[in-house]
Every structure is written in structure tokens, then in C-alpha cells.
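Throughout, a chain's letter reflects where its sequence line sits, starting with A, and its residues are numbered from 1.
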Amino acid sequence: MAAAVIPPLDLAGDPVVAAEQLIGWTLLVDGVGGPIVETEAYRHDDPASHAFSGQTARNAVMFGPPGHIYVYLSYGIHWCMNISCGPPGVGSGVLIRALEPVEGVDRMRERRGDRPLRELTGGPGRVGQALGAGPWLAGRRADLRPPDRIRQVAATVRVGISKAVEQPWRFLDPDSPYVSRRPRRAA
DNA sequence: CCTAGGATTAGCT
DNA sequence: GCTAATCCTAGGC
């Protein structure tokens with residue numbers, strides 16, 4: 001029988017490509033995490049990107065080497081996790097919007113409360129909380145493991161932004177119950 | 001210095 | 001469906 005084809009992962013190039021390839025890869029922080037099922041790409045020349053206005057102390061990780069963790073505080077409450085992409089100096093990344101809670105579920109529940117699996121890591125703020133994200137993770141190398149199986153990948157428009165809203169740069173596994181919300185088709 | 005607003009979520013109507 | 005919670009950052013004065 002044919003060997004399973006592991007999708008390639010190239011974080012050093014276009015974050016849109018990386019965001020699609022990352023679906024199915026397992027992300028761990030100190031052993032806690034699981035397969036990524038939803039991402040969004042943020043290009044350097046993208047008005048919706050934190051890197052759009054140039055490098056600052058806060059977004060510096062996006063301008064560093066690919067494969068490192070960029071965290072930011074959303075709405076003053078939620079620490080969201082990204083993986084830096086592209087060649088150093090450019091400034092791009094992929095937001096991790098949802099993953100399947102597989103490794104360290106107990107620790108996720110310690111951090112998120114005793115909630116059903118679907119509510120542990122479905123949403124960028126939830127992923128951050130479940131994996132213990134905060135400023136202390138900034139710049140750490142992302143712990144990524146290859147997919148254990150092939151997944152479907154659907155592209156939709158991104159969520160919660162006010163600029164470049166038409167770009168279909170959100171990717172998700174349409175068969176996973178752990179995505180943050182049902183897919184909406186790109187216009 | 002001061003202010004507006006955000007890559008969101010939870011809880012209530 | 002609507003909105004409060006909560007705080008950091010960029011940008012304007």
C-alpha cells in the first residue's frame with residue numbers, strides 16, 4: 001500500500017501557503033496542545049497585519065526567523081498565538097485560531113475551567129489560554145510535529161478584522177468539530 | 001500626554 | 001443577537 005504523503009511545511013515563504021500547510025500539524029507548548037485545525041495568514045503588506053506599520057518592540061518576533069512564537073493581547077483580555085513566517089526582516093505570520101485538544105487536556109482544563117472539549121481550544125483566545133500563552137512565550141521556537149493523517153482544508157475569509165476583509169486567508173479543516181465557527185464562504 | 005480601538009469571549013436578553 | 005470586560009499599542013496633539 002502507498003505510504004501516506006505528509007504535507008510539506010515551509011514557514012520561510014508566503015504565510016498564506018504556510019497557513020494552509022499548518023493544518024494538521026501538532027502544536028505543543030510544554031507538551032500541551034494538539035493538531036492545528038484553523039489558521040489565518042497575515043502578510044507583511046497586509047493592512048490587517050500587526051506588522052503592516054513596520055517593526056516595533058511588540059511585533060519584533062514577526063520580523064525574526066520563521067517558526068517562532070509571536071503573542072499579542074487581544075481586546076485587553078486574550079493572549080493569542082502566532083507562528084512567525086517568511087524570511088527574517090519581512091514581518092509576517094500565521095494566527096493559530098483553533099486546534100484539537102489532544103495533549104495535556106488536564107492542564108487545559110486547569111487553565112480554562114472544566115469545560116467540554118469543544119470549548120477548550122476553539123478560538124484564538126481559547127487556544128492561548130489553554131496553552132498558557134503570555135509574554136513569556138514571545139520568541140520561543142514553536143514545537144511542531146508532523147500530521148498523523150491527511151486532512152481536508154477549506155479556505156474562507158478571515159474573522160474579526162476591518163481591513164482586507166475579502167482575502168480568503170483563513171484555513172480550516174471542515175471535518176473537525178474543533179474549529180472556532182462554521183466556515184463562511186469567501187466572496 | 002491622552003485617547004481610540006482592537007486578529008475576542010462569555011454571559012445575558 | 002448584543003454588549004461588557006479589560007489593557008496594550010500606535011498615533012495624534
Span that lies between the C1' atom of dG5(B) and that of dT3(C), in whole angstrom: 16 Å
Nearest-angstrom distance from the residue atom NE2 of His50(A) to P of dG6(B): 10 Å
Euclidean distance, atom NZ of residue Lys163(A) to atom P of dG5(B) [Å, nearest integer]: 11 Å
Closest nucleotide among dA7(B), dA10(B), dG11(C) to the Ser53(A) side chain: dG11(C)
Between dT9(B) (C1') and Arg97(A) (CZ): distance, integer Å: 11 Å
Same cluster (ILVMFWY, side-chain, under 4.5 Å), Phe52(A) and Val159(A): no
Interatomic distance where CG belongs to Asp46(A) and C1' belongs to dA7(B) [whole Å]: 10 Å
Between dA7(B) and dG1(C) - P atom distance, rounded Å: 23 Å
Considering all heavy atoms, the nearest Gly67(A)-Leu11(A) contact: CA-CD1, 3.6 Å
dA10(B) pairs with, by Watson-Crick or G-U criteria that keep both distances under 3.5 Å: dT3(C)
Atom pair distance, as rounded to whole Å: OH in Tyr70(A) and P in dT9(C): 9 Å
Electrostatic pair Asp46(A):Lys163(A) at N-O distance under 4.0 angstrom: no
Salt bridge flag under 4.0 Å for residues Arg126(A) and Glu119(A): no
Considering all heavy atoms, the nearest Leu120(A)-Ala130(A) contact: O-CB, 3.5 Å
Candidate nucleotides dT8(B), dC8(C), dT9(C), ranked by approach to the side chain of Arg58(A) - the nearest: dT9(C)
Ionic contact status for Glu100(A) with Arg151(A), cut-off 4.0 Å: yes
Check: dA5(C) base within 3.5 Å donor-acceptor of Tyr75(A) side chain: no
Side chain of Arg126(A) - closest among dA10(C), dT9(B), dA7(B): dT9(B)
Atom-pair distance (OH on Tyr42(A); P on dG6(B)), nearest Å: 13 Å
Candidate nucleotides dA10(B), dA7(B), dT9(B), ranked by approach to the side chain of Tyr72(A) - the nearest: dA7(B)
Phosphate OP1/OP2 of dT9(C): any Thr56(A) side-chain N/O under 4.0 Å: no
Ile161(A) or Arg112(A), whichever maps to the more 5' nucleotide of DNA chain B: Ile161(A)
Interatomic distance where CH2 belongs to Trp79(A) and P belongs to dA7(B) [whole Å]: 14 Å
Ile77(A) CD1 to dG5(B) C1', straight-line distance once rounded to whole Å: 13 Å
N or O in side chain of Arg170(A) less than 4.0 angstrom from dA7(B) OP1/OP2: no
P-based separation of dT6(C) from dC2(B) [nearest Å]: 23 Å
Out of dT6(C), dG6(B), dG11(C), whichever nucleotide has its closest atom nearest the side chain of Ser162(A): dG6(B)
Nucleotide nearest Leu73(A) when distance is taken to its side chain, options dT8(B), dG11(C), dC7(C): dC7(C)
